[in-house]
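Inspection log for the structure reproduced underneath, given as C-alpha coordinates.
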Amino acid sequence: MGRMTADPKISEYAHPERLVTTEWLAEQIEAGRLGGPDGIALLESDEDVLLYATGHIPGAVKIDWHVDLNDPVARDYVDGVGFAKVMGERGIRRDTTVVLYGDKSNWWAAYALWVFSLFGHDDVRLLDGGRAKWIAEGRELTRDVPTPTPVDYPVAERDDAPIRAFKDDVLAHLGKPLVDVRSPGEYSGELLHMPDYPQEGAMRGGHIPGAKSVPWARAANEDGSFKSRAELEAIYLTEQGLAPTDDVVAYCRIGERSSHTWFVLTHLLGFPSVRNYDGSWTEWGNAVRVPIEK
Amino acid sequence: MSAVSDTPLPASLAEIADDFRSASNDLKLQLLLEFSDELPALPERYAGRLDQLERVDECQSPLFLTVEVDDGDSPEQREVHLFFDAPAEAPTTRGFAGILHEGLDGLSAAEVLAVPDDAPMRFGLAEAVSPLRLRGMVAMLGRIKRQVRAKTAT
(Lines give C-alpha, C1' and ligand atoms only; values in the text may rest on other atoms or scores of the structure.)
Protein backbone atom coordinates (compact mmCIF):
# COMPACT_ATOMS: atom_id res chain seq x y z
CA MET A 1 0.00 0.00 0.00
CA GLY A 2 3.01 2.29 0.22
CA ARG A 3 2.59 3.28 -3.40
CA MET A 4 -1.07 4.15 -3.09
CA THR A 5 -2.81 7.30 -2.08
CA ALA A 6 -3.85 7.35 1.56
CA ASP A 7 -6.77 9.65 0.95
CA PRO A 8 -10.13 9.23 2.68
CA LYS A 9 -12.19 9.98 -0.43
CA ILE A 10 -10.17 7.67 -2.65
CA SER A 11 -10.08 4.77 -0.20
CA GLU A 12 -13.89 4.61 -0.42
CA TYR A 13 -13.86 3.68 -4.10
CA ALA A 14 -14.19 0.08 -5.30
CA HIS A 15 -10.68 0.17 -6.80
CA PRO A 16 -8.79 2.90 -4.94
CA GLU A 17 -5.52 1.84 -6.59
CA ARG A 18 -6.79 3.39 -9.83
CA LEU A 19 -6.71 6.99 -8.64
CA VAL A 20 -3.98 9.18 -7.17
CA THR A 21 -4.14 12.66 -5.69
CA THR A 22 -2.07 15.68 -6.66
CA GLU A 23 -0.49 15.57 -3.17
CA TRP A 24 0.59 11.96 -3.68
CA LEU A 25 2.05 12.75 -7.09
CA ALA A 26 3.92 15.78 -5.75
CA GLU A 27 5.44 13.55 -3.04
CA GLN A 28 6.56 10.97 -5.61
CA ILE A 29 8.19 13.71 -7.68
CA GLU A 30 9.85 15.17 -4.60
CA ALA A 31 11.19 11.72 -3.66
CA GLY A 32 12.60 11.17 -7.16
CA ARG A 33 10.34 8.20 -7.88
CA LEU A 34 9.43 9.23 -11.45
CA GLY A 35 11.12 7.71 -14.49
CA GLY A 36 14.02 5.31 -14.71
CA PRO A 37 13.80 1.52 -14.84
CA ASP A 38 11.80 1.09 -11.61
CA GLY A 39 10.12 4.44 -11.44
CA ILE A 40 6.56 5.58 -12.05
CA ALA A 41 5.75 6.71 -15.59
CA LEU A 42 3.75 9.93 -15.69
CA LEU A 43 1.96 10.57 -19.00
CA GLU A 44 0.00 13.63 -20.12
CA SER A 45 -2.84 13.00 -22.59
CA ASP A 46 -4.62 16.12 -23.83
CA GLU A 47 -7.20 17.09 -26.38
CA ASP A 48 -4.90 19.91 -27.50
CA VAL A 49 -1.84 18.45 -29.19
CA LEU A 50 0.36 21.40 -28.10
CA LEU A 51 -0.76 21.85 -24.53
CA TYR A 52 1.94 19.58 -23.07
CA ALA A 53 4.60 21.71 -24.77
CA THR A 54 3.33 24.89 -23.10
CA GLY A 55 4.21 23.42 -19.71
CA HIS A 56 3.56 20.11 -17.94
CA ILE A 57 4.09 18.40 -14.61
CA PRO A 58 7.85 17.83 -14.08
CA GLY A 59 8.83 14.39 -15.34
CA ALA A 60 5.69 13.91 -17.47
CA VAL A 61 6.00 12.44 -20.96
CA LYS A 62 3.49 13.29 -23.68
CA ILE A 63 1.12 10.79 -25.25
CA ASP A 64 -1.32 11.93 -27.93
CA TRP A 65 -4.64 10.10 -28.22
CA HIS A 66 -4.81 10.68 -31.94
CA VAL A 67 -1.25 10.45 -33.19
CA ASP A 68 -0.02 7.74 -30.80
CA LEU A 69 -3.05 5.57 -29.99
CA ASN A 70 -5.13 5.62 -33.18
CA ASP A 71 -4.33 3.71 -36.32
CA PRO A 72 -3.32 6.30 -38.95
CA VAL A 73 -5.66 4.86 -41.60
CA ALA A 74 -8.50 2.76 -40.21
CA ARG A 75 -10.85 4.00 -37.46
CA ASP A 76 -9.35 1.75 -34.84
CA TYR A 77 -6.60 1.72 -32.24
CA VAL A 78 -3.01 0.74 -32.84
CA ASP A 79 -2.21 -2.98 -32.77
CA GLY A 80 0.00 -4.82 -30.29
CA VAL A 81 3.17 -3.91 -32.18
CA GLY A 82 2.19 -0.25 -32.35
CA PHE A 83 1.30 -0.18 -28.67
CA ALA A 84 4.59 -1.84 -27.70
CA LYS A 85 6.39 0.92 -29.60
CA VAL A 86 4.40 3.69 -27.89
CA MET A 87 5.17 2.23 -24.46
CA GLY A 88 8.75 1.11 -25.10
CA GLU A 89 9.92 4.47 -26.42
CA ARG A 90 8.56 6.08 -23.26
CA GLY A 91 10.64 3.74 -21.11
CA ILE A 92 7.57 1.87 -19.86
CA ARG A 93 7.78 -1.82 -18.99
CA ARG A 94 4.89 -4.23 -18.68
CA ASP A 95 4.98 -3.89 -14.87
CA THR A 96 5.53 -0.12 -14.71
CA THR A 97 3.06 1.95 -12.71
CA VAL A 98 1.59 4.46 -15.17
CA VAL A 99 -0.17 7.63 -14.00
CA LEU A 100 -2.18 9.49 -16.62
CA TYR A 101 -3.53 13.02 -16.48
CA GLY A 102 -4.75 15.61 -18.94
CA ASP A 103 -6.95 18.55 -19.88
CA LYS A 104 -10.76 18.72 -20.05
CA SER A 105 -11.40 16.92 -16.75
CA ASN A 106 -9.20 14.00 -17.81
CA TRP A 107 -11.35 13.01 -20.83
CA TRP A 108 -8.32 12.12 -22.88
CA ALA A 109 -6.43 10.66 -19.96
CA ALA A 110 -9.39 8.36 -19.21
CA TYR A 111 -9.53 7.51 -22.89
CA ALA A 112 -5.83 6.59 -22.90
CA LEU A 113 -6.30 4.58 -19.70
CA TRP A 114 -9.11 2.63 -21.35
CA VAL A 115 -6.93 1.95 -24.43
CA PHE A 116 -4.09 0.80 -22.14
CA SER A 117 -6.60 -1.56 -20.54
CA LEU A 118 -7.44 -3.06 -23.95
CA PHE A 119 -3.82 -4.17 -24.04
CA GLY A 120 -3.95 -5.45 -20.48
CA HIS A 121 -1.44 -3.02 -19.00
CA ASP A 122 -2.06 -3.83 -15.39
CA ASP A 123 -1.10 -0.85 -13.26
CA VAL A 124 -2.52 2.30 -14.80
CA ARG A 125 -4.02 5.14 -12.75
CA LEU A 126 -5.55 8.57 -13.17
CA LEU A 127 -4.49 11.74 -11.43
CA ASP A 128 -7.70 12.95 -9.74
CA GLY A 129 -8.57 16.39 -11.11
CA GLY A 130 -6.00 16.19 -13.89
CA ARG A 131 -4.02 19.06 -15.26
CA ALA A 132 -6.46 21.77 -14.18
CA LYS A 133 -6.39 20.82 -10.49
CA TRP A 134 -2.58 20.62 -10.46
CA ILE A 135 -2.40 24.12 -11.94
CA ALA A 136 -5.17 25.51 -9.70
CA GLU A 137 -3.16 24.40 -6.68
CA GLY A 138 -0.24 26.46 -7.92
CA ARG A 139 2.02 23.46 -8.38
CA GLU A 140 5.08 23.46 -10.59
CA LEU A 141 5.00 23.21 -14.38
CA THR A 142 7.98 22.93 -16.67
CA ARG A 143 8.74 22.99 -20.38
CA ASP A 144 11.64 20.54 -19.87
CA VAL A 145 10.96 17.37 -21.82
CA PRO A 146 12.34 14.18 -20.25
CA THR A 147 14.22 11.74 -22.48
CA PRO A 148 13.33 8.26 -21.23
CA THR A 149 15.68 5.40 -22.09
CA PRO A 150 13.76 3.16 -24.50
CA VAL A 151 12.96 -0.36 -23.29
CA ASP A 152 11.40 -3.44 -24.90
CA TYR A 153 7.70 -3.58 -24.13
CA PRO A 154 6.20 -6.98 -25.01
CA VAL A 155 3.77 -7.23 -27.90
CA ALA A 156 0.44 -7.82 -26.16
CA GLU A 157 -2.61 -8.88 -28.10
CA ARG A 158 -5.36 -6.28 -27.84
CA ASP A 159 -8.36 -7.85 -26.13
CA ASP A 160 -11.39 -5.77 -27.10
CA ALA A 161 -14.24 -8.03 -26.01
CA PRO A 162 -14.40 -7.36 -22.24
CA ILE A 163 -14.46 -3.55 -22.27
CA ARG A 164 -15.10 -2.43 -25.85
CA ALA A 165 -18.43 -2.66 -27.67
CA PHE A 166 -18.86 -2.50 -31.44
CA LYS A 167 -22.06 -1.53 -33.25
CA ASP A 168 -23.21 -5.15 -33.59
CA ASP A 169 -22.55 -5.71 -29.89
CA VAL A 170 -24.76 -2.73 -29.10
CA LEU A 171 -27.54 -4.02 -31.39
CA ALA A 172 -27.39 -7.31 -29.50
CA HIS A 173 -27.38 -5.41 -26.21
CA LEU A 174 -30.60 -3.42 -26.85
CA GLY A 175 -32.94 -3.84 -23.90
CA LYS A 176 -30.05 -3.93 -21.41
CA PRO A 177 -28.64 -0.84 -19.68
CA LEU A 178 -27.06 1.81 -21.88
CA VAL A 179 -25.66 5.11 -20.61
CA ASP A 180 -25.58 8.09 -22.95
CA VAL A 181 -23.07 10.54 -21.46
CA ARG A 182 -23.58 13.39 -23.96
CA SER A 183 -25.22 16.73 -23.24
CA PRO A 184 -29.03 16.78 -22.89
CA GLY A 185 -29.37 18.54 -26.27
CA GLU A 186 -27.43 15.81 -28.02
CA TYR A 187 -29.44 13.11 -26.25
CA SER A 188 -32.77 14.62 -27.26
CA GLY A 189 -31.60 15.01 -30.85
CA GLU A 190 -31.93 18.78 -30.80
CA LEU A 191 -28.20 19.16 -31.44
CA LEU A 192 -26.45 17.24 -34.18
CA HIS A 193 -23.08 17.93 -32.60
CA MET A 194 -21.62 18.89 -29.25
CA PRO A 195 -21.46 22.64 -28.70
CA ASP A 196 -17.98 23.69 -29.96
CA TYR A 197 -17.38 20.45 -31.88
CA PRO A 198 -19.35 20.68 -35.16
CA GLN A 199 -16.75 18.58 -36.95
CA GLU A 200 -18.06 15.55 -35.08
CA GLY A 201 -21.51 15.83 -36.60
CA ALA A 202 -23.97 13.09 -37.50
CA MET A 203 -26.72 12.59 -40.08
CA ARG A 204 -29.33 11.81 -37.44
CA GLY A 205 -29.99 13.10 -33.91
CA GLY A 206 -31.32 11.31 -30.87
CA HIS A 207 -30.07 8.40 -28.80
CA ILE A 208 -29.82 4.63 -28.80
CA PRO A 209 -33.21 3.17 -27.73
CA GLY A 210 -33.43 2.68 -23.99
CA ALA A 211 -30.29 4.66 -23.15
CA LYS A 212 -30.31 6.62 -19.91
CA SER A 213 -29.08 10.22 -20.12
CA VAL A 214 -26.31 10.80 -17.59
CA PRO A 215 -23.98 13.53 -18.86
CA TRP A 216 -20.39 12.62 -17.98
CA ALA A 217 -19.83 15.87 -16.06
CA ARG A 218 -22.28 14.80 -13.36
CA ALA A 219 -19.50 12.52 -12.07
CA ALA A 220 -17.06 15.42 -11.71
CA ASN A 221 -16.64 18.21 -9.19
CA GLU A 222 -16.02 21.82 -10.23
CA ASP A 223 -12.26 21.31 -9.97
CA GLY A 224 -12.35 18.31 -12.32
CA SER A 225 -11.88 15.70 -9.59
CA PHE A 226 -14.32 12.80 -9.21
CA LYS A 227 -17.28 13.03 -6.86
CA SER A 228 -17.22 10.82 -3.79
CA ARG A 229 -18.42 7.23 -3.95
CA ALA A 230 -21.62 8.10 -2.06
CA GLU A 231 -22.40 10.93 -4.48
CA LEU A 232 -21.74 8.69 -7.48
CA GLU A 233 -23.93 5.93 -6.06
CA ALA A 234 -26.74 8.44 -5.59
CA ILE A 235 -26.59 9.23 -9.30
CA TYR A 236 -25.94 5.89 -10.98
CA LEU A 237 -27.58 3.47 -8.52
CA THR A 238 -30.38 5.36 -6.74
CA GLU A 239 -31.42 7.83 -9.42
CA GLN A 240 -30.69 5.80 -12.59
CA GLY A 241 -31.45 2.41 -11.10
CA LEU A 242 -28.29 0.70 -12.32
CA ALA A 243 -27.03 -2.30 -10.34
CA PRO A 244 -23.35 -3.22 -10.09
CA THR A 245 -24.18 -6.63 -11.57
CA ASP A 246 -25.60 -5.02 -14.72
CA ASP A 247 -24.01 -5.44 -18.09
CA VAL A 248 -23.63 -1.77 -19.14
CA VAL A 249 -22.60 -0.05 -22.37
CA ALA A 250 -21.58 3.63 -22.27
CA TYR A 251 -21.25 5.89 -25.29
CA CYS A 252 -20.83 9.54 -26.35
CA ARG A 253 -19.72 10.87 -29.74
CA ILE A 254 -16.29 9.36 -30.30
CA GLY A 255 -15.75 7.44 -27.07
CA GLU A 256 -13.67 9.84 -25.01
CA ARG A 257 -16.29 11.27 -22.62
CA SER A 258 -17.71 7.77 -22.22
CA SER A 259 -14.23 6.56 -21.23
CA HIS A 260 -14.61 8.92 -18.27
CA THR A 261 -17.94 7.29 -17.32
CA TRP A 262 -16.52 3.82 -18.03
CA PHE A 263 -13.79 4.64 -15.50
CA VAL A 264 -16.36 5.80 -12.94
CA LEU A 265 -18.55 2.70 -13.26
CA THR A 266 -15.70 0.19 -13.52
CA HIS A 267 -13.09 1.49 -11.12
CA LEU A 268 -14.86 3.84 -8.75
CA LEU A 269 -18.14 1.92 -8.35
CA GLY A 270 -16.78 -1.57 -9.14
CA PHE A 271 -19.15 -2.68 -11.93
CA PRO A 272 -17.37 -5.73 -13.41
CA SER A 273 -19.06 -5.64 -16.81
CA VAL A 274 -18.97 -2.21 -18.46
CA ARG A 275 -18.09 -1.68 -22.10
CA ASN A 276 -17.29 1.56 -23.89
CA TYR A 277 -18.85 1.89 -27.33
CA ASP A 278 -16.15 4.01 -28.99
CA GLY A 279 -17.97 4.16 -32.34
CA SER A 280 -20.54 6.14 -30.36
CA TRP A 281 -22.85 8.66 -32.00
CA THR A 282 -20.48 9.43 -34.89
CA GLU A 283 -21.09 5.82 -35.94
CA TRP A 284 -24.65 5.19 -34.72
CA GLY A 285 -26.03 8.55 -35.92
CA ASN A 286 -24.52 7.97 -39.35
CA ALA A 287 -25.32 4.25 -39.68
CA VAL A 288 -28.10 3.08 -42.00
CA ARG A 289 -31.22 1.47 -40.50
CA VAL A 290 -30.21 1.32 -36.85
CA PRO A 291 -33.00 2.15 -34.39
CA ILE A 292 -32.99 5.65 -32.91
CA GLU A 293 -35.11 7.10 -30.14
CA LYS A 294 -35.88 10.80 -29.80
CA MET B 1 -5.82 13.36 -48.90
CA SER B 2 -7.71 15.75 -51.13
CA ALA B 3 -5.66 17.46 -53.78
CA VAL B 4 -4.74 21.07 -53.11
CA SER B 5 -5.46 23.77 -55.65
CA ASP B 6 -2.59 25.48 -57.41
CA THR B 7 -3.66 29.04 -56.58
CA PRO B 8 -0.51 30.63 -55.14
CA LEU B 9 -0.35 31.79 -51.53
CA PRO B 10 0.67 35.37 -50.78
CA ALA B 11 4.44 35.55 -50.23
CA SER B 12 4.15 36.04 -46.46
CA LEU B 13 1.98 32.94 -46.02
CA ALA B 14 3.98 30.92 -48.57
CA GLU B 15 7.13 31.52 -46.54
CA ILE B 16 5.50 30.14 -43.39
CA ALA B 17 4.12 27.17 -45.34
CA ASP B 18 7.62 26.39 -46.64
CA ASP B 19 9.05 26.48 -43.11
CA PHE B 20 6.42 24.03 -41.91
CA ARG B 21 6.63 21.71 -44.88
CA SER B 22 10.39 21.32 -44.60
CA ALA B 23 10.23 20.57 -40.85
CA SER B 24 9.96 17.19 -39.10
CA ASN B 25 6.72 16.52 -37.20
CA ASP B 26 8.37 17.44 -33.90
CA LEU B 27 9.69 20.66 -35.34
CA LYS B 28 6.28 21.48 -36.83
CA LEU B 29 4.78 21.32 -33.36
CA GLN B 30 7.60 23.48 -32.03
CA LEU B 31 6.97 26.07 -34.75
CA LEU B 32 3.25 26.01 -34.09
CA LEU B 33 3.92 26.62 -30.40
CA GLU B 34 6.04 29.64 -31.30
CA PHE B 35 3.14 31.05 -33.30
CA SER B 36 0.88 30.38 -30.33
CA ASP B 37 3.27 32.15 -27.94
CA GLU B 38 3.61 35.12 -30.27
CA LEU B 39 -0.07 35.67 -31.08
CA PRO B 40 -0.60 39.35 -30.24
CA ALA B 41 -3.05 40.12 -27.45
CA LEU B 42 -6.19 42.04 -28.28
CA PRO B 43 -5.70 45.81 -28.43
CA GLU B 44 -7.31 47.99 -25.77
CA ARG B 45 -10.41 48.69 -27.85
CA TYR B 46 -11.40 45.00 -27.92
CA ALA B 47 -10.14 43.84 -24.53
CA GLY B 48 -12.99 42.37 -22.52
CA ARG B 49 -15.42 43.00 -25.39
CA LEU B 50 -15.65 39.60 -27.01
CA ASP B 51 -19.21 40.38 -28.09
CA GLN B 52 -17.66 42.62 -30.74
CA LEU B 53 -15.77 39.65 -32.19
CA GLU B 54 -16.99 36.68 -34.20
CA ARG B 55 -16.90 33.32 -32.51
CA VAL B 56 -15.42 30.48 -34.57
CA ASP B 57 -17.22 27.34 -33.43
CA GLU B 58 -15.28 24.93 -35.57
CA CYS B 59 -12.23 25.18 -33.35
CA GLN B 60 -12.05 22.64 -30.55
CA SER B 61 -11.64 25.49 -28.09
CA PRO B 62 -13.39 28.81 -28.39
CA LEU B 63 -11.72 31.32 -30.64
CA PHE B 64 -12.87 34.86 -31.35
CA LEU B 65 -11.72 36.95 -34.26
CA THR B 66 -12.42 40.20 -35.99
CA VAL B 67 -11.16 42.01 -39.04
CA GLU B 68 -10.59 45.72 -39.67
CA VAL B 69 -10.15 47.06 -43.18
CA ASP B 70 -8.49 50.48 -43.62
CA ASP B 71 -10.04 53.11 -45.86
CA GLY B 72 -8.94 53.32 -49.48
CA ASP B 73 -10.18 53.72 -53.02
CA SER B 74 -10.00 50.07 -54.05
CA PRO B 75 -9.57 46.61 -52.45
CA GLU B 76 -5.97 46.71 -53.68
CA GLN B 77 -5.29 49.77 -51.52
CA ARG B 78 -7.22 48.85 -48.38
CA GLU B 79 -5.08 47.18 -45.75
CA VAL B 80 -6.49 44.33 -43.61
CA HIS B 81 -5.83 43.92 -39.86
CA LEU B 82 -6.67 40.80 -37.92
CA PHE B 83 -7.44 40.39 -34.20
CA PHE B 84 -7.76 37.10 -32.36
CA ASP B 85 -8.56 35.90 -28.88
CA ALA B 86 -8.07 32.32 -27.67
CA PRO B 87 -7.17 31.04 -24.20
CA ALA B 88 -3.69 29.87 -23.24
CA GLU B 89 -5.17 26.39 -22.66
CA ALA B 90 -5.81 26.15 -26.40
CA PRO B 91 -2.31 26.51 -27.86
CA THR B 92 -3.12 24.66 -31.10
CA THR B 93 -5.98 27.03 -31.85
CA ARG B 94 -3.75 29.98 -30.91
CA GLY B 95 -1.02 28.60 -33.17
CA PHE B 96 -3.37 28.47 -36.15
CA ALA B 97 -4.46 32.04 -35.41
CA GLY B 98 -0.81 33.07 -35.11
CA ILE B 99 0.00 31.67 -38.57
CA LEU B 100 -2.91 33.55 -40.13
CA HIS B 101 -1.97 36.73 -38.29
CA GLU B 102 1.65 36.59 -39.39
CA GLY B 103 0.74 35.57 -42.93
CA LEU B 104 -2.22 37.85 -43.65
CA ASP B 105 -2.13 40.91 -41.37
CA GLY B 106 -1.15 44.01 -43.38
CA LEU B 107 -2.05 42.55 -46.78
CA SER B 108 -4.58 44.30 -48.97
CA ALA B 109 -8.21 43.20 -48.99
CA ALA B 110 -7.74 41.96 -52.56
CA GLU B 111 -4.79 39.81 -51.52
CA VAL B 112 -6.65 38.31 -48.55
CA LEU B 113 -9.68 37.48 -50.71
CA ALA B 114 -7.37 35.75 -53.22
CA VAL B 115 -6.00 33.35 -50.58
CA PRO B 116 -7.19 29.86 -51.58
CA ASP B 117 -9.61 28.24 -49.11
CA ASP B 118 -7.40 25.15 -48.89
CA ALA B 119 -4.35 27.16 -47.75
CA PRO B 120 -4.35 25.43 -44.30
CA MET B 121 -3.74 22.11 -46.08
CA ARG B 122 -0.44 23.38 -47.49
CA PHE B 123 1.52 23.40 -44.24
CA GLY B 124 2.03 19.66 -43.98
CA LEU B 125 0.30 19.85 -40.61
CA ALA B 126 -2.27 17.09 -41.04
CA GLU B 127 0.12 14.35 -39.92
CA ALA B 128 1.51 16.32 -37.01
CA VAL B 129 -1.78 17.49 -35.51
CA SER B 130 -4.38 15.19 -37.23
CA PRO B 131 -6.72 16.34 -40.02
CA LEU B 132 -9.57 16.67 -37.51
CA ARG B 133 -7.80 19.44 -35.66
CA LEU B 134 -6.88 21.26 -38.89
CA ARG B 135 -10.51 22.03 -39.64
CA GLY B 136 -10.31 24.84 -37.11
CA MET B 137 -7.83 26.73 -39.26
CA VAL B 138 -9.96 26.24 -42.39
CA ALA B 139 -12.93 27.71 -40.50
CA MET B 140 -10.88 30.72 -39.29
CA LEU B 141 -9.73 31.52 -42.81
CA GLY B 142 -13.31 31.24 -44.07
CA ARG B 143 -14.55 33.73 -41.44
CA ILE B 144 -11.71 36.15 -42.16
CA LYS B 145 -12.46 36.18 -45.87
CA ARG B 146 -16.18 36.55 -45.25
CA GLN B 147 -15.63 39.53 -42.98
CA VAL B 148 -13.25 41.16 -45.47
CA ARG B 149 -15.78 40.60 -48.24
CA ALA B 150 -18.55 42.15 -46.16
CA LYS B 151 -16.44 45.13 -45.14
CA THR B 152 -15.31 45.92 -48.66
CA ALA B 153 -18.72 45.44 -50.31
CA THR B 154 -20.10 48.68 -51.65
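Each chain gets a letter, A, B and so on, in the order its sequence line appears, and its residues count up from 1.
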Under 4.5 Å from any heavy atom of chain B - which part of D64(A):
side chain

[X], [atom1]: over 12 other non-hydrogen atoms inside 6.0 angstrom:
{"X": "E102(B)", "atom1": "CD", "result": "no"}
{"X": "E44(B)", "atom1": "CD", "result": "no"}
{"X": "R158(A)", "atom1": "CZ", "result": "yes"}
{"X": "R75(A)", "atom1": "CZ", "result": "yes"}
{"X": "E15(B)", "atom1": "CD", "result": "no"}
{"X": "K227(A)", "atom1": "NZ", "result": "yes"}

Tell me, do R133(B) and L50(A) make a side-chain contact under 4.5 Å, heavy atoms counted?
no

What I'd like to find out is whether the side chain of K62(A) reaches to under 4.5 Å of the side chain of L29(B), using heavy atoms alone.
yes

What pair of heavy atoms forms the shortest contact from T54(A) to L33(B), and how long is it?
CG2-CD1, 3.5 Å

For D37(B), is it the side chain, the backbone, both or neither that has a heavy atom under 4.5 Å from a heavy atom of chain A?
side chain

Chain A heavy atoms under 4.5 Å from E127(B): which part of the residue, side chain, backbone, both or neither?
backbone

Within this structure, what is the CG-CD distance for the pair D103(A) and E89(B), rounded to the nearest 0.5 Å?
9.5 Å

